[in-house]
Amino acid sequence: LEPNLLQLSGMVNYERSLKGEKIFSSWYVYTLLSEKKNDMLNNDYIYSCMIRIPSDEENKRYSSPDSAYISKLIKGKYFDVIVLNENSPFSLVEHKDMIKEYYKLDSTFGNTKYFVR
């Protein structure tokens, strides 16, 4: 599993040091202890356990935002921090080029990258 407990501890401390209040990651575990608001995942537990990009039907059922809405928020720089793991098959992977265009890379922990406004 990634991250291991030592890495996760470092990531949590790092997330807490970043400016801003809104953080987004499609895997809730990454941002659970960040002390920032991850307000896009309304059913955090179910969504965080998915091992693939959810279908439109699943997004509606779990009250998760659809791809177009996520794109709009990224373009509008709604989030202060975006946590992206490019090797993880979650919904943010399809937005990675857009994230790189609108946010700047701040740090990397293993396969996980932190982007800030």
Side-chain angles (χ1 to χ4, degrees):
L1 287 174
E2 187 187 340
N4 64 43
L5 289 178
L6 187 58
Q7 289 171 320
L8 185 58
S9 175
M11 292 166 73
V12 166
N13 290 333
Y14 178 73
E15 288 170 10
R16 289 178 178 174
S17 75
L18 292 172
K19 293 181 181 177
E21 297 178 2
K22 295 186 180 185
I23 191 167
F24 187 44
S25 171
S26 53
W27 190 33
Y28 192 65
V29 173
Y30 279 156
T31 59
L32 182 63
L33 304 172
S34 70
E35 298 180 352
K36 294 181 181 3
K37 187 172 182 175
N38 191 354
D39 60 1
M40 292 294 103
L41 303 181
N42 296 327
N43 194 331
D44 306 321
Y45 177 74
I46 291 174
Y47 200 73
S48 69
C49 292
M50 299 189 81
I51 57 171
R52 60 182 165 65
I53 297 173
S55 67
D56 288 340
E57 180 183 321
E58 289 167 327
N59 274 329
K60 288 177 187 172
R61 185 179 333 141
Y62 303 142
S63 300
S64 300
D66 65 14
S67 181
Y69 187 62
I70 291 172
S71 294
K72 180 180 176 182
L73 294 174
I74 291 170
K75 288 178 182 177
K77 295 190 174 182
Y78 174 81
F79 309 105
D80 299 305
V81 180
I82 296 179
V83 184
L84 175 67
N85 185 319
E86 293 180 322
N87 296 330
S88 185
F90 296 111
S91 62
L92 280 180
V93 172
E94 67 186 79
H95 299 284
K96 69 181 177 182
D97 292 334
M98 183 181 299
I99 292 168
K100 291 175 182 177
E101 179 180 348
Y102 288 90
Y103 286 77
K104 70 176 187 172
L105 178 64
D106 191 75
S107 188
T108 301
F109 286 81
N111 294 325
T112 304
K113 296 179 179 176
Y114 286 86
F115 292 86
V116 296
R117 283 198 278 161

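Here, residue 1 is the first one in the sequence, and each next residue gets the next number. No hydrogens, no waters, no symmetry mates; every other heavy atom, side chains included, goes into these values.
Checked against Ile23 for a side chain to side chain contact (heavy atoms under 4.5 Å, CB included), the options Val83, Asp80, Val116 give a single hit: Val83.
A distance of 10.5 Å separates CG of Leu84 from CG of Asn111, quoted to the nearest 0.5 Å. Residue Tyr114 holds its OH atom at 8.0 Å from OG of Ser25, rounded to the nearest 0.5 Å. The distance from the CZ atom of Phe115 to the NZ atom of Lys77 is 12.5 Å, given to the nearest 0.5 Å. Atom CD1 of Ile70 sits about 9.5 Å away from atom CD1 of Ile82, to the nearest 0.5 Å.
The minimum heavy-atom distance between Lys75 and Met98, with the atom names listed, is CE-CE, 3.6 Å. The two residues Ser34 and Glu15 make their nearest non-hydrogen contact at CB-OE1, 3.0 Å. The two residues Leu105 and Lys113 make their nearest non-hydrogen contact at CD1-CB, 3.7 Å.
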**OP:** Decide yes or no on side chain to side chain contact (heavy atoms under 4.5 Å, CB included) for Tyr103 and Arg117, but give the supporting numbers first.
**Re:** CA-CA 5 Å; Tyr103 286 77; Arg117 283 198 278 161; 3.4 Å; yes
**OP:** Would you check, one step at a time, whether the test side chain to side chain contact (heavy atoms under 4.5 Å, CB included) holds for Leu18 with Lys36?
**Re:** CA-CA 9 Å; Leu18 292 172; Lys36 294 181 181 3; 4.1 Å; yes
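The side chain to side chain donor-acceptor pair (under 3.5 Å) test applied to Lys100 returns Glu86, not counting sequence neighbours. Not counting sequence neighbours, Glu101 has no partner by the salt bridge (Lys or Arg N to Asp or Glu O under 4.0 Å) test. Every residue was checked against the ring-ring contact (aromatic ring centres under 6.0 Å, His included) condition with Tyr102, not counting sequence neighbours, and none meets it.
You'll find the side chain of Phe24 stays beyond 4.5 Å of the side chain of Leu73, heavy atoms only.
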